[in-house]
Amino acid sequence: MLRSHHLGQLTDNELNTEITLCGWADRVRAKGGVNFIVLRDRYAKLQLNVPQEIMEVESIGREYCIKIQGILNQRPEKDQKPEQNGAYELQVTSLEVLNKSDVPPFIVDDREEINEDLRLKYRYLDLRRDCMKDVVTFRTKLLNSVRSHLNSLDFLEVETPMLMKAMPEGARDFLVPSRNFPGEFYALPQSPQLYKQLIQVSGLDRYFQFARCFRDEDARGDRQMVHTQIDLEMSFVEEEDVFAVVEGFLNKIFVDAFDKNIDAPFMRLTYLECMKRFGIDKPDLRFDMELFDLDSIMESSPYSYFKETIDAGGRIAGFTVKGGAKELSRKEIDKFSDYVKAYRSKGVFWAKVVGDDFNGGISKNIPADQKANLLKLADAEDGDLIVFIADTHKVTNDSLGNLRNHIAKRMDIIPKGVYKFLWVTDFPMFEYDEDAGCYIAMHHLFSMPKEEHIKYFETGELEKMHGCLYDLVMNGVELGSGSIRIHTEEMQQKVFDIVGMSPEDQQERFGFFLEALKFGAPPHGGIALGVARLVMTLLGMDNMRDAITFPNASSTRYALDNSPSKLDQDTLDDLSLEVADKK
RNA sequence: GGACCUGUAGCUCAGUUGGUUAGAGUACCUGCCUGUCACGCAGGGUGUCGCGAGUUCGAGUCUCGUCAGGUCCGCCA
């Protein structure tokens with residue numbers, strides 16, 4: 001070892017002894033005659049007192065990697081600082097520069113606001129910052145908590161292949177050309193879905209893995225093309241058994257990391273109830289502002305648009321912004337209409353509550369005999385603002401679900417340090433794809449329909465068919481989703497049929513899987529949770545990139561190595577590939 | 001594929017109605033300073049105003065295009 005201690009190991013026991021330390025020069029304060037260097041390593045900082053003779057020999061700049069020998073001293077009483085090692089100071093006897101440093105492109109300091117572009121390009125410097133080291137440390141702790149909890153429940157940690165058969169359903173696959181089989185390709189796993197089911201067929205009845213997943217789709221603030229999931233699958237279980245396991249390891253995370261328990265079991269809402277009350281399948285339950293329906297109130301409005309919306313089978317719904325009439329300017333309220341345009345809405349209707357009447361916006365078109373009913377329905381009083389949308393179910397729900405979050409942020413009513421978990425259950429199995437002219441799976445093709453909905457296969461009422469499908473939501477973030485799976489060949493074929501897959505296609509693409517279901521495949525189910533989303537949400541961050549050591553930019557290019565990159569002709573030839581000009 | 005926002009010194013940012021030599025803080029360099037701790041003091045500008053056209057007597061500023069980053073829609077079972 002080049003060092004005798006790291007900076008997290010210094011205690012009164014080390015006082016007045018000679019120690020050797022390694023780290024980086026965080027700051028250099030040369031006073032002329034007396035010189036201080038702040039040494040930083042992964043664990044902490046420590047002030048070095050460097051004699052003038054040494055200072056004159058070695059010139060030390062920011063981020064120089066140095067090795068120092070010296071005596072650990074107590075700092076003079078009046079100079080002691082409250083932070084870690086703030087009472088200590090190393091009286092340096094020798095100093096060696098292990099490696100000098102260019103002037104860094106930004107100062108390694110939590111207080112600096114740095115362009116993210118630059119942070120990603122120099123991620124190794126960004127990671128020297130405390131806030132980033134804390135994330136990496138937290139993530140390690142979190143995964144340890146999960147692993148130890150699942151171990152205690154006899155889960156087996158099993159790896160699955162990183163190169164597998166391409167699956168045209170759902171997200172685009174990342175494809176890997178095969179050198180040995182010209183013209184054929186592997187795909188990187190979007191998830192280990194089929195493998196974890198096969199593990200259940202094999203009788204290894206409790207599986208988990210920290211699985212890397214790859215999807216060739218555009219990135220977002222909460223979505224990366226490469227991500228890690230806590231992936232698990234269990235045999236002979238029902239939904240509640242899966243929920244209990246997840247609630248168990250989440251509680252373990254809270255106990256280990258925050259020293260507190262969480263309220264379990266979590267709240268449960270069916271998908272339909274959730275959409276009715278929040279307009280979105282991942283509601284943030286840290287604040288109220290639940291939706292209410294205004295069909296009966298606006299039906300008789302002189303503004304005929306409302307009646308037309310109802311007749312067309314649409315939805316009129318809204319929510320109350322407590323104190324919104326007082327706090328929000330006309331200009332801000334108008335901006336809400338711009339905000340919901342992204343969700344295809346034509347605009348937001350609004351009315352301020354003044355006394356027991358309405359003012360501004362759509363007020364004049366609220367039927368007089370319905371005003372009292374609306375106040376009651378909206379639970380509104382003087383100074384509140386009512387906002388609502390009238391459109392198709394999809395547009396109304398999308399708009400309100402997102403506007404609710406948007407306004408909550410603006411009104412600053414989201415409490416900090418609060419974690420609200422929710423299971424959303426009974427998602428629909430299928431949705432009709434207008435473009436393709438057929439049904440597609442809303443989640444994936446391997447989820448079991450609700451037993452009481454299996455009859456809809458016969459009646460053809462496929463929109464009504466809900467599955468044993470569930471999402472875990474925390475603070476408005478979808479942490480993960482799972483389902484009880486189909487475990488018989490017959491049922492699996494039925495679902496493949498519905499989405500328009502011919503028997504030949506089924507054999508070609510999933511023959512190996514259908515065959516496995518024939519050998520006594522047990523009932524099973526599971527779930528997968530995104531690790532970065534979990535870290536991000538638990539630490540209250542709003543960008544997933546900050547929760548990942550080496551993320552890619554939202555363009556999906558990596559700032560660090562500038563990948564992807566072109567290949568030379570020999571490599572292409574070896575893989576039997578030709579690059580076509582894209583028009 | 002689409003909408004919006006951003007791009008000026010190493011970094012964070014200001015820059016008026018188009019008008020002289022483009023600024024501030026910080027970093028950096030030089031010198032001074034024996035208890036600083038985001039040390040201080042004095043001095044120093046280190047710039048392809050993202051890039052390319054255009055309008056104009058004149059463009060950091062206006063127009064068009066383009067590139068990069070961000071947020072969102074589409075997409076993402």
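In what follows, chains are A, B, ... by sequence order, proteins preceding strands, each numbered from 1.
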[options]: which one has an atom nearest the side-chain heavy atoms of [X]?
X	options	result
A:Leu118	B:C75, B:C11, B:G70	B:C11
A:Arg75	B:G69, B:U12, B:G35	B:G35
A:Arg220	B:C33, B:C72, B:U71	B:C72
A:Val34	B:G35, B:U12, B:G69	B:G35
A:Lys78	B:C73, B:A68, B:G35	B:G35

Can you label the angle between the [X] ring and the [Y] ring as parallel, tilted or perpendicular, going by 30° and 60°?
X	Y	answer
A:Trp423	A:Phe243	parallel
A:His6	A:Tyr43	parallel
A:His453	A:Tyr456	tilted

Distance between [atom1] atoms of [N] and [M] (Å, rounded):
N	M	atom1	value
B:U34	B:C11	C1'	32 Å
B:G60	B:U8	C1'	7 Å
B:U30	B:C72	C1'	50 Å
B:A38	B:U71	P	33 Å
B:U20	B:C57	C1'	15 Å
B:G43	B:G52	C1'	40 Å
B:C64	B:A27	C1'	37 Å

Can you find a donor-acceptor pair, distance only, under 3.5 Å between [X] side chain and [N] base?
X	N	answer
A:Gln47	B:U36	yes
A:Glu89	B:G35	yes
A:Asp218	B:G74	yes
A:Arg344	B:G74	no
A:Arg27	B:U36	no
A:Asn49	B:G35	yes

| request: Compare the aromatic ring of A:Phe106 with the six-membered base ring of B:C11 and state whether they stack according to the 5.5 Å and 30° rule. | output: no
Examine [N]: is either OP1 or OP2 under 4.0 Å from a nitrogen or oxygen in the side chain of [X]? Give yes or no.
X	N	answer
A:Arg223	B:U71	no
A:Arg62	B:C28	yes
A:Arg215	B:C75	no

| said: At 4.0 Å (heavy atoms only), tell me whether A:Lys341 reaches a base, stays on the sugar-phosphate, or touches nothing. | reply: nothing
| note | From the list A:Arg215, A:Gln190, A:Lys165, side-chain hydrogen bond (donor to acceptor under 3.5 Å, both in side chains) with A:Asp173 holds only for A:Gln190
| remark: Comparing A:Arg557 with A:Tyr343, nearest RNA chain B nucleotide closer to 5' gives the residue A:Arg557
| note | Heavy-atom nearest nucleotide on RNA chain B taken for A:Pro76 and for A:Glu113; more 5' hit belongs to A:Glu113
| query | Judged by modelled atom types alone, do A:Thr160 and A:Gln209 share a side-chain donor-acceptor pair under 3.5 Å? | reply | yes
| query | For the residue pair A:Phe446 and A:Phe510, is the inter-centroid distance of their aromatic rings smaller than 6.0 Å? | reply | yes
